[in-house]
Amino acid sequence: MQNVKRSAHTPKTQTLARLAKLNFLAFGIVITIFPFVWVALMGTHTRSEIFSSPPPFYIGDNFIDNYYKLLEIMPFWLVLWNSLFISVMGTIGAVFFCSLCAYGFFAFEFRGKNIIFTLMIASMMVPPALLLIPFFLTVQFLGILDTHFALWFPAIANAFGIFLVRQYMVTAISKDLLDAAKVDGASHLRIFLVIVLPLIKPVLATLGIVMFIGLWNNFLSPLIVLSSPDKFVLTLALRSVQSLGDSPWGAVMLGTFLSMLPLLIAFLFFSKQIMAGLTAGAVKG
Amino acid sequence: MASLQLSNLSKSFNQTKVLEGLNLMVPEGEFIALIGPSGCGKSTLLRIIAGLDEPTSGDVLLDGQWVNELSPRERKVAMVFQSYALYPHMTVFENIGFNLKISKIPRQEIRQRVTQTAAILDLEELLERKPSQLSGGQRQRVAMGRAIVRNPNLFLFDEPLSNLDAKLRVQMRDEIKKLHKAIKTTSIYVTHDQVEAMTLADRIVILNDGVIQQIGTPQQLYNTPVNPFVAGFIGSPSMNFLNGKWEDDHKTAIILKDGTKLPAPVPKSNTHFDASTQNDILIGMRPEHLHLRPAMSEDIQVKGVLDHIEPTGAQNYLKVRVDGQIITATDLQQSQLQSQQPIELAIAHKNLHFFANTAHE
Ligand SMILES: Nc1ncnc2c1ncn2[C@@H]1O[C@H](COP(=O)(O)OP(=O)(O)OP(=O)(O)O)[C@@H](O)[C@H]1O
Ligand SMILES: [Mg+2]
C-alpha cells in the first residue's frame, strides 16, 4: 500500500504533506506544554512583574525570593510529603486490593456474581459530587476527620480499578492456566501472586498511574476532610494561600510548578507501561 | 501410582446432562484411552477425575479412597491440558519445576529432576527459553514434562497431541508409549484419534453423549463391538451398515431390502445380539473384510454396482452401490475397474456383525 502511494505522489507534494503533519504535531505540543512553561516562568518573577504588560515571557531573577516566600506562607515540603504519602499509600493499596478483588470475580463462580459485578459497575455512574456529603458524614462518624487515613484508605477499593483489572485478566489469562496451576498444587493465594500478578503487570502500571494522578490532584475530599494546615495536601495548601487579598503569585506559581514535578518524573519513567496498559487488549481482541 | 474407580458418576451443567451413570475400574498401572466424538464429555470427565470440577452425583475413588472432596493437589494427579497451559512468564525450566518448587523439594533435587525430564523429552537446549519462543511441538513436550517430572498417582492427558502435525504426532505417540512402559503410572488418555487410542492403550473406553458405550481392549472393540456406534467408531474407513429383516419366524435367514438373503448370525461373534427380540436388523461389514472376488464356502456374496473409486496410494477404496446405499470396500489389488460396472464382493460369514436396529423406534 505504502509503496503504491509513494509512487503516486511526486516528492514535492510528499514533503509538503510531511511538513503539514509536523506543523500540526508541533502546534499540539506547544498548546499542551505552554501552561507548564508559563507556570514555571512565572515562578521566577515578582507579583508586579507578573501583572505587567506585556507579560514577562522570560526567566526572571526572583526565584530565590519566591522560594522563601513560599516556605513562609506554607510548610511546603511537609505539604508535599503529605500529598506524596497519601498518593503512594492509596496507589499501592488500590493496585493490590483491586487486583485481588478482580481475581475473585475472574477465577471463582459463585451465586450472584454477575449481579454484584453489575452493581459495582453501576456505582461508577454516580456523580462524585453527590457522594461528598455521605463521604463527609461517614468520615465524621468513623471519627477520622482531619486524618490522611480518611483520604487514602477509601480509595483502595474502587469500582473502576476492579473493573479495569478484571477485564484485562479476561483477555490476558486463560482459565486453563489457573487449572494447570491448581493441578500443580498451587493454592489460590499462590496462583494470584505467582501466576496472575506477573501476567497483568501492564494493567497494574496503568491503574497505578491513574490512581496516583487522581489522588495527587484530588482537591474536594481533602477540602472537606482536612482542617489543620500541617495536614494539608498540595492542592489544598496552594488554594488556601490564593484567598489572601494580596496573593504572592510568584511563590504560588513556583509551588504549583514544583508540585507538578513528581507526576512528570513518574510519567517519564512509566510512559511505556502506561501506553502498553491502555492499548492492551486492542490487539489481542 | 494408584487405581482409579468411578462409580455411578453423573454431571450436569444446569439442566444439561453431560455425563450419565459412568462406572469404570482402572487397575494400577493401566493405560486407558478415552475416545468419543466432540462434545461427548471427555474433558468434563477428566476434569472431574482431576478434581477441577465436582460431579453432580457419584463417586471418584483413588486407591479405594473416596476423593470427591479433595483438591487436585491432594489427589496428586498430573494433567496435560489440550491447550498446553504453560505459564507464559516462566522459563521452560521453571514451568517444569513449578510443582516441585511448590512441594518444597530441595533446589538441588529440582535441578536434577528437571534436567532428567528434559533429557527424556529432548528439551535440554530449551530450558532457559520462554514458552513464546518455542514451536508447537516443543510446547507440547514442555507440557508433558510438567506432568512426568512429578511422581503422580495418575496421569491425565487431554488430547495432548491434537495440535501437532502428523509426523510429530506419531513421534510423540511413541514417546508416550515408551514412557509408560518405563514408569507404569496409571493413565487416562483422552483423544478423538482412534489410531492413537488403539496403539497406546491397554483398554479403550468409548464415550458417546455422556454414556459409556463399551470398554475393552483394542481387539475386543474391533472384533466384537456391542452396538452400531462402537462398530462405526472403531476402524477406518468405518464399518458399512445394511438394513435387513428376518426372512420368517424361524429366524434362519435375513433378507435385505433388495432381496439378498444372508444366513443367520453365527452365535459366537454375536453374544450381545438377542436375535429373538428384534425384527429390524443392522448388518455390519468392515471395508477391509469385503473382498473383490466370487464367494467361496463360508462366504457371503454381496452384489452391487461400482459407483466410484477412491485411490489412497497403497489401496483403493471401492464405493459400491448396494441395496440403495453406498458401501465401501478395500481393494488391495488396485484392480482396473469401470464406473457403473457390476461388482461381486465376498465377506466371510464370521466377519459379519449383527445389531438390533433401534434407530427408528
Ligand atoms: N462449564 C460448562 N457449562 C455448561 N456446559 C458445559 C460446560 N463445560 C462443558 N459443557 C458442555 O458439556 C459437553 C461436554 O463438553 P466436553 O468439553 O467434556 O466435551 P469433549 O468430549 O471434551 O469435547 P472435545 O472433543 O470437543 O474436546 C458439551 O456439550 C459442552 O457444551
Ligand atoms: Mg475436550
Side-chain angles (χ1 to χ4, degrees), chain A residues 95-96 99-100 102-104 106-115 165 167-208 272-273 276-277 279-281 283-285, chain B residues 13-14 43-44 46-54 70-91 94-105 130-132 139 142-160:
Chain A
V95 166
F96 183 75
S99 46
L100 203 57
Y103 179 73
F106 173 62
F108 294 89
E109 294 302 326
F110 51 90
R111 197 172 295 218
K113 168 167 140 172
N114 288 333
I115 296 175
V165 178
Q167 292 318 99
Y168 188 83
M169 283 178 179
V170 170
T171 57
I173 301 177
S174 87
K175 284 265 171 81
D176 271 356
L177 215 54
L178 305 185
D179 287 338
K182 275 185 224 162
V183 170
D184 262 338
S187 61
H188 269 295
L189 184 64
R190 189 191 282 264
I191 295 176
F192 174 69
L193 293 175
V194 181
I195 308 286
V196 173
L197 276 190
L199 292 176
I200 58 169
K201 268 188 210 151
V203 77
L204 295 186
T206 311
L207 178 62
K272 225 199 223 164
Q273 276 93 326
T279 54
V283 272
K284 270 195 178 142
Chain B
F13 291 107
N14 302 321
S43 299
T44 308
L46 225 52
R47 291 173 55 84
I48 290 175
I49 298 174
L52 292 167
D53 276 340
E54 275 179 47
L70 297 190
S71 67
R73 174 198 189 127
E74 292 161 317
R75 295 184 194 194
K76 272 192 77 191
V77 296
M79 182 158 170
V80 179
F81 288 79
Q82 187 169 352
S83 61
Y84 312 148
L86 303 179
Y87 312 121
H89 57 298
M90 297 187 191
T91 62
E94 290 165 331
N95 261 286
I96 296 179
F98 188 60
N99 166 266
L100 303 181
K101 200 169 148 195
I102 290 178
S103 315
K104 302 215 167 59
I105 288 184
K130 296 269 174 71
S132 59
R139 283 178 212 185
V142 177
M144 292 290 290
R146 205 164 55 173
I148 66 176
V149 75
R150 303 171 52 180
N151 257 326
N153 284 329
L154 199 61
F155 274 132
L156 303 172
F157 301 95
D158 194 353
E159 305 193 24

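As the structure is a computational prediction, the values presented were derived from the model and not from experiment.
Both the backbone and the side chain of A/L177 come within contact range of chain B, judged by heavy atoms closer than 4.5 Å. Proximity to chain A (any heavy atom under 4.5 Å) is restricted, for B/L86, to the backbone atoms N, CA, C and O. For a residue to count as touching a neighbouring chain, one of its non-hydrogen atoms must lie under 4.5 Å from one of that chain's; by this rule B/I102 touches chain A with backbone and side chain alike.
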Under 3.5 Å, which donor-acceptor pairs link chain A to chain B? Give each pair on its own line with the distance.
from   : atom 1 : to     : atom 2 : distance (Å)
A/D176 : OD2    : B/S83  : OG     : 2.5
A/D179 : OD2    : B/R47  : NH1    : 2.7
A/D179 : OD2    : B/R47  : NH2    : 3.3
A/A180 : O      : B/Y87  : OH     : 3.4
A/A181 : N      : B/Y87  : OH     : 3.4
A/V183 : O      : B/R150 : NH1    : 2.9
A/D184 : O      : B/N99  : ND2    : 2.7
A/D184 : OD2    : B/Y87  : OH     : 2.7
A/G185 : O      : B/R73  : NH1    : 2.6
A/V194 : O      : B/H89  : NE2    : 2.9

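Closest approach of A/V183 and B/P72 over heavy atoms only: CA-CB, 3.9 Å.
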